[in-house]
Structures are given as C-alpha cells and as structure tokens.
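On a predicted model such as this, the values are computed, not experimentally measured, just so you know. FYI, the numbering just counts along the sequence from 1. Each ligand, and each atom within it, is numbered from 1 in the order the structure gives.
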Amino acid sequence: KLDHLFQPIRLGRLELPNRVLMGSMHTGLEGEEAGSQALIDFYKERAGQDGPGLIVTGGISVSPEGDGGHNFMGFYSDEHCKHMESLTAQVHAAGGRIAAQLFHAGRYAYSDLTGIPAVAPSAIRSPIHRHTPRELTNEEIEELIARYALSAKKAADLGFDAVEIMGSEGYLINQFLSPATNKRTDAWGGSFEHRTQFALRIVQAVREAVGPGYPVIFRLSGADLVPDSTTEDETLKFAGMVADAGADAINVGIGWHESQVPTISMMVPRAGYIHIAEKIKRAVNVPVIGSNRINDPRLADELLQRGACDLVSMARPFLADPDLLRKARAGQFDRINTCIACNQACLDQVFDGLPASCLVNPRVGRESKWKPFRVQRSRHIAVIGGGAAGMEAARALAEIGERVVLYEKDDRLGGQLNLAKRIPGKQEFAETLRYYQHELHRLGVEIRLNHNPTPEEIVALAPDLVVLASGIKPRIPELSGTSLPHVLTYQQVLRGDAEVGKRVVIIGAGGIGCDLAHYLSEQAEREIYLLRRKGKPGETLGKTTRWALLSHLRQKKVQFVTDLSYERIDEDGVVVQLQTDQGPETKKIPADTVILAAGQLSEAWDDQLVQRAGIPVVKIGGARFPGELDAKRAIYEGACVAYEE
Ligand code: FMN
C-alpha cells in the first residue's frame, strides 16, 4: 500500500524518506516579531517522523524591496536570520528537513508595506496592484543575482537542508521570463534566450555559492495562464535549461496571481494540473514535483505510480492535517482531515494581513497556544446540535478527555455542511463530514440522532457543561407573499424538498444566494435573477474565490439586480422598485419559483432553565451569532470550547 509515496529519493546529497514535499506557504507568522515561537511550532508540528520528506518555507525575501506581503521574512535582516537558525535547529530536532524558499516579488511587492518602490524588468503595473514598478538597471540586476546567491549561502549556513528558488506564480523571476512583463531591449529581454538569462544566472550563482551536492530546487511556472505570456514550448525548453544550469529538481507551479483561471480553489478538480508536470517530466532528466489540489495520499501514490511526477507537493493539505502521512502509512485514511481547498482561512486571511489558519483545522497558527492536548478532566458535557460547530466541539472535547453526548435533531450529523456539499465545486465538504463522523465514533462520543433534548431533560442529566450549537434557520423577510406556494427557502431547495421552476428569482445575493444560483444553473437551463438590496453580489465571499464564482455565474447568464427595494411577491413574480437615473421605477421580475436567501436567525433552544439550574452554557456558531453561513467561525468556536475555556 502506498509503495510509491514512501519510496526514498535523493535530491543532491540529501536523502528524503518519502516523495512528499510540504509546499511553500507564507503563513503570516513570519513577521517582525520573528523572535516568536509560533512559526517554529507550526513547522515542528509537521516535521516529525512520517512527516513530509521535505518542508519548504514560505517565500523569504532576498532583498528588502522584494517582500511579497504582510509579515515577510528576509535574508537581509540579521534578526530574521537568527530566528531562521533557531527554526532549522528545532525542525531538525523534531526529525524533519526544511528548505528555504528564495523569493523576490518584483512588481507584486507590497511597496506600501516595505516603503520602497517595487522593481521589475519593465515598468508595467500588474492588474492586481496599484503601483507601477520601477525598471531595474543592468547593475541592479547583477546585484540582485548576487543577492540570490548570498541568500542561498546564508540559508545553507543557517542550517536549511535545501533551497527552492521561487520562479513561478508571476513573481520577479517569472516576470523576466515572460514577454508579457519583460519588454527590455538589452541582454535581459527580447528573445527567449535573453528572457531566460536572469533565471539561469541565478541558478548558476546559487549553485556556485552552495557548492556541489547541496540541493537546489527551482519552482517554475508550468503554465502562466495570462495572455501573451511564455508558451508551452518555451516552458519545456526552459525546464531543461534550468536543470542544465544546476537545479536538482523542478517544482511545477501553476498560474500567476493575476490569472483569471482558478488554479487552487475548490472548483479545480483534484490533481487538475498534473498533466503539465507530466509533460515537463518528459522534457527533463531531474526529478519533477507535481503540485496543486493533490489532497489525498492515495491519489498522490497513484500519480507517482503512473510516472506523472517524481514527488508531489502538498501545501494546504498539511494545514488541514499535519499527521496526514502518518495516518496514510497506517492505512487510516478515514482519519485524515482532508483539505477542501476553500482558502477561507489560509489564503484569504493572509491577503487580509492576518496569519493563516485553516477552516477545517483552526489549530493552524495556534500551535503554541493550544497545548497541552490532554487534560483528562473527564467532565460530562452535553453538546446540543451536530452541525459544524457542535461536531468540532464534541470532537475536540472528547480528544482532551471529556465525556461527551452530542444531540442532533436531524437524522444525520453535519447541519449546513450537508447542504454545502451539494453546491457544484463544494463536494469536498463531504470529506469534512466523513472526517467528523469517523473521529466522533473513534473518540467515543455518544451520538443521539433524531433527538432535540428538552431543557428539562438536560437539567435532569445534570452535565458539567452544556455547549449550545443549535445552529440557524433561514430568515423570512417581512414581505407580502412569502407564504405563497412557489416561495421556498434556500434550505428547502438544497435539500431537494421542492420543485424549482424554469424562471427563478433569488432574494439575497450573499454567499448563499450566489451558491444557490450556481447550483440551480448547473442543474438545468434556467433564467435566474439574483437580487440584492444594496452592495455588490457575493460581497462577503473570500477574495480568492469571489471573482471566479461571479464570472462563472455571468457565463451562465445569471442576472444580478442590485440597488432596489422589495414591494411584494406575487404569484408570477417579484415586484421591486429599482433606482434608475430617471428616478425610482417599479418593475415585476417574472418567476415560477422565488427563493429566500435573505440571511438567517439562530435556531431557538431555550437555555434559561439550564442556566437557572446552575449548569454553565457556552453558545457557539449560529446559536451564538447567526451571520452568513460560516463554517470557519463555527469550527473555530467549537475548538475554542476545548482549547480555550
Ligand atoms: N507558494 C510559494 O511558492 N510561495 C509562497 O510563499 C506561497 N505562499 C502560500 C500561502 C498560502 C496561505 C497558500 C495557501 C499557498 C501559498 N503558496 C505559496 C502556494 C502553495 O505552495 C501551493 O502551490 C498551492 O497552495 C497549491 O497547492 P495545494 O493544493 O497543495 O495547497
């Protein structure tokens, strides 16, 4: 079983015990308080026996103007270098191996944060940044190459086991390679050979600095997915040139940050880009690392077996479950907390300047804070509600040794996750359900389905603590016509409880409204209107996924109507008042089915009697606050009951 995944492999003189790279992730824990232990504890928890063969750090700047976001580390800072030395020592002590990623953001740099203007091969602004970079001079380019080499030497001296040169995702090295961003007419631009010079000179200089045998990985862009960029032929040729210049392995990144094609979100099928690594593997004679959406060790093993790549990179899957490989080796696949590629707590938070965490594993980034694990208090705890919040509370409490009864009024656990998994591209939520079901049984949580306990029953049971996780119900807006037979709630629709017609009006264009439109538009040919009083559709969705979902809905000809007030629902449509340039205009939008997705309310469970009996009650998730459907907050609050109370 998994014979291929656990095959050792050599990179230079470094032997890796398995074929898995924990892909580079900037966590936002790297920052100025670099003296803190949080980042080290994050890596240590992933470095132990049966951890990834090699961990790659998030990008570490080779030069101060190259920082790629909030809280970056740089080889130019003595303080950061000291911190890195302690990082490598502790990862080694834990039994792991770690590579430093040599990084320069080029025009993607956060010049607002660094206070230094961004630089690039040419002064062309990226569509996702406000600042136009300054064109580098020939001397500055030579100096930057020297800085890559110096940083590599420092990395080796600081105890890193390898370096990875970051040449993908549209960062500086990629900007030199691509004709879309490199318009130079000197020796660094123009022809393909000229455009490759920056990368190749860096590889040579790094190799010279670290000497033979020290592993050097080059992360290149397997496909840029931006207009007028490097061609496939060029990429294949370039991969060979990088290997010849001294790289020991090629890690195949996919897309640029500005790409208009989803590259890592839930919509991307598992291993959806592996064919690109496969082509590169045929073009070079060094090991090739496949990446993106490889979230299951069995799939990884299959890819290795069929020779698609020599190693796999798994980045977010190690956020979701640091013990992924240990469980895989033991054949405990059902125990793995699978990455669902939602990006809600990792990338979205990093882009907002917050440290990364993980929706399905809120322990990420809190490794220092959330210990010790086992308290063995053996309190008796009743958890009311088996949705995301209640399941995590029950799991985490049982894990630290409490005795837990979990009540769920429905005939199955999961709450809103059961609906979420029906949305196209969100099927991965089924893995989260599988994980909880399995873990709750394994940890001996007593599960009572089809059972909504009465307050009297709970008082009679006299638990030490009640965790109220009764969740939410759809809010019915105060509007005439909501009780007409063709008016449904989003829950009724997603449960499949009711027929939906050809012409649909959805009231509410938040995350649920947008998901619902997606679901209905994939099901059948339909005319769908998505209505919102004010603001933009899907405003509450994460930065990294909102654009893709909205562009998909536009493709499906979903009509967005905003800046309106609702008058009433009729038998054949919804009457609204639109704000137009000519003043307000009343209009009926025709509909066979009207769906309410206008927010939610807490599902009531009266805890007064329990409180009066002196039993402490903690409310979590939708029971505490009925915001957007928010699995991230629900699971986090569930975990907090065990780790922070
Ligand atoms: N890739 C890099 O090369 N350098 C980075 O600094 C980096 N930071 C990342 C930060 C976060 C929070 C995430 C989620 C990804 C980051 N990536 C970075 C991309 C990952 O290495 C990887 O290519 C991507 O997550 C897709 O792989 P996965 O599906 O295994 O997560």
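In this structure, R298 is positioned above the aromatic face of F333, its NZ or CZ under 6.0 Å from the six-membered ring centre and within 45° of the axis.
Atom 11 (C) of ligand 1 has its closest protein heavy atom at L347 CD2, 3.5 Å. Here the heavy atom of the protein found nearest to atom 24 (C) of ligand 1 is I264 CG2, 4.0 Å. Ranking protein heavy atoms by distance to atom 8 (N) of ligand 1, first place goes to H26 N, 3.0 Å. Given atom 6 (O) of ligand 1, the protein heavy atom at minimum distance is G59 N, 3.1 Å.
By the 4.5 Å heavy-atom criterion applied to side chains, L39 and M73 are counted as neighbours.
The distance from atom CD1 of I60 to atom NZ of K154, rounded to the nearest 0.5 Å, is 11.5 Å. Between the NZ atom in K44 and the CD1 atom in I98 there is a gap of 12.5 Å [rounded to 0.5 Å].
Comparing S313, A315, S24 against atom 16 (C) of ligand 1, the shortest heavy-atom distance belongs to S24. For the residues R219, M25, R316, the heavy atom positioned nearest atom 23 (O) of ligand 1 is part of R219.
Residue G253 places no heavy atom under 4.0 Å from ligand 1.
Within the 6.0 Å centre-distance limit, the rings of H257 and Y171 are counted as a close aromatic pair. Proximity of the aromatic rings of F72 and F103 is defined here by a centroid distance below 6.0 angstrom, and this criterion is met.
Considering backbone and side-chain N/O of E169, none are found under 3.5 Å from N/O of ligand 1. Here's the thing with I294: none of its N/O atoms is less than 3.5 angstrom from an N/O atom of ligand 1.
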